[in-house]
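What you see is a predicted model, and the numbers here were worked out from it, not measured in a lab.
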Amino acid sequence: MLNDQKGSDSLLLLFQKQIEENDAQIADLKQKQTQLRHLAKTIATRKIDADGLTDIAKIMKKETRLTNLRRKMWLFSFSILLIEVLGIFSAYQFKQSNALPAMWLSIATMLVLIFGLTAFLTKYCYDQVEYICPNCGTKFIPAMTTFIFSAHTPKFRRLACPHCHQKSYCLEIAR
């Protein structure tokens, strides 16, 4: 094959293809090695929680108070939704009967109730929770405005830790 021009071209293409595959495998292994080093560094530097709990999953399982709080929040949210639906229904009924002042009173009452209950619900939740930084393990309570306007999921909130100043999704736990 080496003496034949077409054969050596085929070998050259085969070698180039193998070199490309090897380079891709090397790059993949380097990326995995970097990720492993980062994870090992993160685990090595993570502080142990005051209760001796290092695993976030263990903390979440022990938080039955937080589960109860979330149930209460759903109940309050459902009551707000019910008030909103009843308010819309009554405003529609007043509109059909041409009682415009009563309709506007119904809408105003509904809005006051909804905003009042929502403010109460937000404050109630804020008073019941605190957060754990995933980087340094510090427990902290954010400012109310930060609590309200930060991105969040049902169990995490994107906050800046007051201890390590890293902004990340911190675990929500009951106070």
Side-chain angles (χ1 to χ4, degrees), residues 28 30-94 102-175:
D28 186 45
K30 283 183 179 181
Q31 180 187 8
K32 287 179 181 177
Q33 192 75 353
T34 302
Q35 289 174 340
L36 285 172
R37 284 191 179 117
H38 177 71
L39 287 171
K41 181 182 172 187
T42 301
I43 290 170
T45 58
R46 185 171 282 169
K47 290 182 181 178
I48 296 176
D49 185 57
D51 298 329
L53 301 172
T54 57
D55 190 43
I56 291 178
K58 288 180 185 175
I59 294 171
M60 291 170 66
K61 286 180 184 176
K62 291 190 176 223
E63 286 299 326
T64 57
R65 290 182 295 162
L66 193 59
T67 303
N68 291 335
L69 173 66
R70 288 190 178 115
R71 285 185 186 137
K72 289 178 187 176
M73 298 277 291
W74 277 108
L75 183 63
F76 284 136
S77 298
F78 182 73
S79 65
I80 292 171
L81 177 66
L82 188 62
I83 290 170
E84 185 176 345
V85 169
L86 289 173
I88 291 170
F89 179 74
S90 64
Y92 179 76
Q93 290 296 329
F94 287 130
M103 179 185 78
W104 288 112
L105 180 63
S106 172
I107 291 173
T109 304
M110 176 186 67
L111 290 175
V112 167
L113 278 172
I114 289 172
F115 286 119
L117 286 173
T118 303
F120 169 76
L121 187 61
T122 303
K123 176 72 170 124
Y124 179 74
C125 180
Y126 175 76
D127 290 341
Q128 301 296 317
V129 297
E130 63 184 348
Y131 295 89
I132 297 177
C133 175
N135 300 311
C136 66
T138 303
K139 289 183 181 179
F140 66 96
I141 300 168
M144 179 70 147
T145 54
T146 305
F147 172 81
I148 292 171
F149 294 111
S150 60
H152 60 90
T153 68
K155 296 181 181 182
F156 296 92
R157 194 171 290 266
R158 186 166 165 78
L159 301 166
C161 175
H163 183 258
C164 69
H165 304 290
Q166 293 287 328
K167 191 167 191 172
S168 56
Y169 280 91
C170 300
L171 176 66
E172 185 175 81
I173 61 171
R175 286 191 203 179

Trace of the side-chain contact (heavy atoms from CB on, under 4.5 Å) decision for N135 with C161: CA-CA 9 Å; N135 300 311; C161 175; 6.0 Å; no
Spacing of T34 atom OG1 and H38 atom NE2 [to the nearest 0.5 Å]: 10.5 Å
Atom CZ of F89 with >12 non-hydrogen neighbours under 6.0 angstrom: no
OG1 on T122 to CZ on F76, rounded to 0.5 Å: 11.5 Å
Nearest heavy-atom neighbours spanning R70 and E172: NH2-OE1, 3.3 Å
Distance-minimising heavy-atom pair for R157 and H152: NH1-CD2, 3.3 Å
Interatomic distance, I141 atom CD1 to F147 atom CZ [nearest 0.5 angstrom]: 11.0 Å
Atom pair CZ/OG of F156 and S150 - distance to nearest 0.5 Å: 13.5 Å
CG on L117 to CG on L81, rounded to 0.5 Å: 12.0 Å
I80 and its side-chain contact (heavy atoms from CB on, under 4.5 Å) partner, picked from L113, V85, I114: I114
Non-hydrogen atoms of A174 and L66 that approach each other most closely: CB-N, 4.0 Å
side-chain contact (heavy atoms from CB on, under 4.5 Å) assessment of L121 paired with S77: CA-CA 8 Å; L121 187 61; S77 298; 3.7 Å; yes
Main-chain N/O of K155 paired with Y169 side-chain donor or acceptor, under 3.5 Å: no
Side-chain heavy atoms of M73 within contact of C125, under 4.5 Å: yes
F140 versus C170, closest heavy-atom pair with distance: CZ-SG, 3.8 Å
Spatial distance of atom CD1 (I173) from atom OH (Y131) [nearest 0.5 Å]: 10.0 Å
